[in-house]
Amino acid sequence: MKIYNTLSRRKEEFVPIEPGKVRMYVCGPTVYNLIHIGNARPMIVFDTFRRYLEYKGYEVNYVSNFTDVDDKIIKAAIQEGVDASVISERYIAECKKDMEAMNVKPATTHPKATEEIRGMLDMIRTLIEKGHAYVAEDGTVYYRTRSFKEYGKLSHKNLDDLQGGNRSLLVSGEDQKEDPLDFVLWKPKKEGEPYWTSPWCDGRPGWHIECSVMSKRYLGDEIDIHAGGEDLIFPHHENEIAQSEACNGKIFARYWMHNAFLNIDNRKMSKSLGNFFTVRDISEKYDLQVLRFFMLSAHYRSPLNFSADLMQAAKNGLERITTAAKNLAYRQENGAAGEMTVEEQALVEQSRDFVTKFEAAMDDDANTADALSAIFELVKFANANVSEGTTAAFAAALYDTLKMLADVMGIILEQEEELLDADIEALIAERQAARKEKNFARADEIRNTLLEKGIVLEDTREGVKWKRA
Ligand code: AMP
Ligand code: ZN
């Protein structure tokens, strides 16, 4: 299996540090708001990659953090007049709901920055002892960027180039830096902000230190894969490497994977530009399986432009797969008993080609677009070869193959269909009509059908009211 490694800018054969095991870290969101669908892109593509690693038999230790201390969280907390933790806990809970609805598996561990302060203090102390960090007069601790000779190796930037145009790196209040390239590891508290005591000052961590610390704690000094959106390459990931490798004296991560942006009108979707849709917004119009399918229809390193047309195409594509699955399930229930015919056995043999194609696509730097094409070929093959006389065993064999591949993509084949408001109203009208005709059996049947879907009816004087249980 090959992975495109941002470090070498080449596709490299994947060889894990420990055979059969993968240690993977994916930078997670800052939780001050509902996540937008740009944030959902790394969640979905790296979840799919993780599923593929598991499909190949690897045991994956997957860590993804929540950044729960940050200027934007504090600002939101001040605006609402609540503690910062109220904001972060609320949006962690909401983010987990979105992840579940997108069928993103929970990480093995989801650490939070505020619960890892001790580890951060330890790492900062080590960096100071080793001469890679220093304490300024006001108690701010800075990383001495030039002390790390390989700085720039991930983003392929040269320190002197960075220095040249970058006087602007000196933002106000950071004038106690030795060098404009230095970055903050720990900074003094401001009035009304959350803070922790430290040997240097009461304060809070800079952003980059948390990922080095959590990765070390949950995965060890050396990990296989570190991933996130491409905006994180510089400075975030570059700084993580500087911190971790200077502290631990080992190569931090062997493979660096970065997804390209989800764009809208060819500009990066972001909170700051205001050109975003939250996952929650999208869930009001589409099943989030459609969003997932849409994300996987492009290679993760290609920019992807969000549009209603592409979402419609994703919806159609997904339906083609789920309809084929339903037919196979039906044939499995109702097909001829007994063993497969000789022809059917040959067809099952032939269908393995689609699995081979699927694996070849995923082995080639997680090419989910081509992997979906292989699934479509299987669907076409199943539609063409399964019919009335087919044995149940044959339908079952094809169904199992389809399900196996769909599972890797995180596509759910048979979903409990949620009733839309309009469908509910129509059923209620039908029930009223049935009652009028004294067809109470049908009326009760409708009531029970609705109940099974979690819709509760209440007969009131003003007519029938309903609610979702
Ligand atoms: P943030 O909360 O901004 O730190 O982002 C969390 C994750 O979402 C990071 O991996 C970002 O790189 C990623 N991300 C943010 N915006 C986009 C976007 N428009 N397209 C793709 N990934 C994004
Ligand atoms: Zn990170």
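Computed from a predicted model, the values in this text were never measured in an experiment. Every number for a ligand or one of its atoms is a count from 1 in the order of the listing.
- For the pair NE2 of His236 and SG of Cys211, the angle whose vertex sits at the Zn ion (ligand 2) is 110° to 10 degrees.
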What do the steps show when you test His237 against His258 for ring-ring contact (aromatic ring centres under 6.0 Å, His included), and what is the final call?
CA-CA 10 Å; His237 288 163; His258 293 100; 5.0 Å; yes
Walk me through it: do Tyr255 and His226 pass the test ring-ring contact (aromatic ring centres under 6.0 Å, His included)?
CA-CA 6 Å; Tyr255 303 86; His226 195 117; over 10 Å; no
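- Closest protein heavy atom to atom 18 (C) of ligand 1: Gly38 CA, 3.6 Å.
- Regarding atom 13 (C) of ligand 1, its nearest protein heavy-atom neighbour is Pro42 CG, 3.7 Å.
- With ligand atoms numbered from 1 in the order given, ligand 1 contributes 21 (C), 22 (N) to contacts under 4.0 Å with heavy atoms of Asn259.
- Counting heavy atoms closer than 4.0 Å to ligand 1, residue Lys271 contributes nothing at all.
- At the top of the distance list for atom 10 (O) of ligand 1, counting protein heavy atoms only, stands Gly229 N, 3.0 Å.
- Taking each heavy atom of Arg50 and Ala107 in turn, the nearest pair found is NH1-CA, 3.9 Å.
- Tested against Arg292, the residues Asp47, Asn103, Asp287 include a single side-chain hydrogen bond (donor to acceptor under 3.5 Å, both in side chains) partner, Asp47.
- Between Lys216 and Glu240, no side-chain nitrogen of the basic residue sits less than 4.0 Å from a carboxylate oxygen of the acidic one, so the salt-bridge criterion is not met.
- Closest to atom 12 (O) of ligand 1, if we only count protein heavy atoms, is Asp231 OD1, 2.4 Å.
- None of Lys11, Lys2, Arg301 except one satisfies the salt bridge (Lys or Arg N to Asp or Glu O under 4.0 Å) rule with Asp365; the exception is Arg301.
- Considering all non-hydrogen atoms of both residues, Leu232 and Cys27 come closest at CD1-CB, 3.6 Å.
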Taking it one step at a time, do Phe148 and Tyr143 satisfy ring-ring contact (aromatic ring centres under 6.0 Å, His included)?
CA-CA 9 Å; Phe148 184 67; Tyr143 188 92; 7.0 Å; no
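- Residue Glu240 approaches the Zn ion (ligand 2) most closely through its N/O/S atom OE2.
- You'll find the ring centres of Tyr142 and Tyr134 inside the 6.0 Å limit.
- No part of Ser270 comes within 4.0 Å of ligand 1, judged by heavy-atom distances.
- Considering only non-hydrogen protein atoms, atom 8 (O) of ligand 1 sits nearest to Asn39 ND2, 3.3 Å.
- Side chain of Asn263 to backbone of Asp265: no donor-acceptor contact under 3.5 angstrom is found.
- Ligand 1 lies out of reach of Ala227, whose nearest heavy atom is not under 4.0 Å from it.
- In this structure, His36 has a heavy atom closer than 4.0 Å to ligand 1.
- At least one N/O/S atom of Cys27, from backbone or side chain, sits under 2.8 Å from the Zn ion (ligand 2).
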Tell me which donor-acceptor pairs under 3.5 Å the side chains of residues 34-45 have, and how far apart each pair is, sequence neighbours excluded?
unit_1	atom_1	unit_2	atom_2	d
His36	ND1	Gly38	N	2.8
His36	ND1	Asn39	N	3.3
Asn39	OD1	His36	N	3.1
Arg41	NH1	Ala260	O	3.0
Arg41	NH1	Phe261	O	2.9
Arg41	NH1	Ser302	O	2.9
Arg41	NH2	His299	O	3.0
Arg41	NH2	Ser302	O	2.7

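- The aromatic ring centroids of Phe381 and Phe354 lie less than 6.0 Å from each other.
- Distances from atom 20 (N) of ligand 1 to the heavy atoms of Leu304, Asp70, Val26, Leu262 show the closest one on Leu262.
- In the vicinity of Ala260, heavy-atom distances shorter than 4.0 Å reach the ligand 1 atoms 21 (C).
- When hydrogens are left out, the protein atom nearest atom 9 (C) of ligand 1 is Leu232 CD1, 3.8 Å; that is the closest non-hydrogen contact.
- Proximity of Thr67 to ligand 1, defined as any heavy-atom pair under 4.0 Å, is not found for any part of the residue.
- Nearest protein heavy-atom contact of atom 19 (N) of ligand 1 is Met269 O, 2.8 Å.
- If you check which protein heavy atom lies closest to atom 2 (O) of ligand 1, you get Thr30 N, 3.1 Å.
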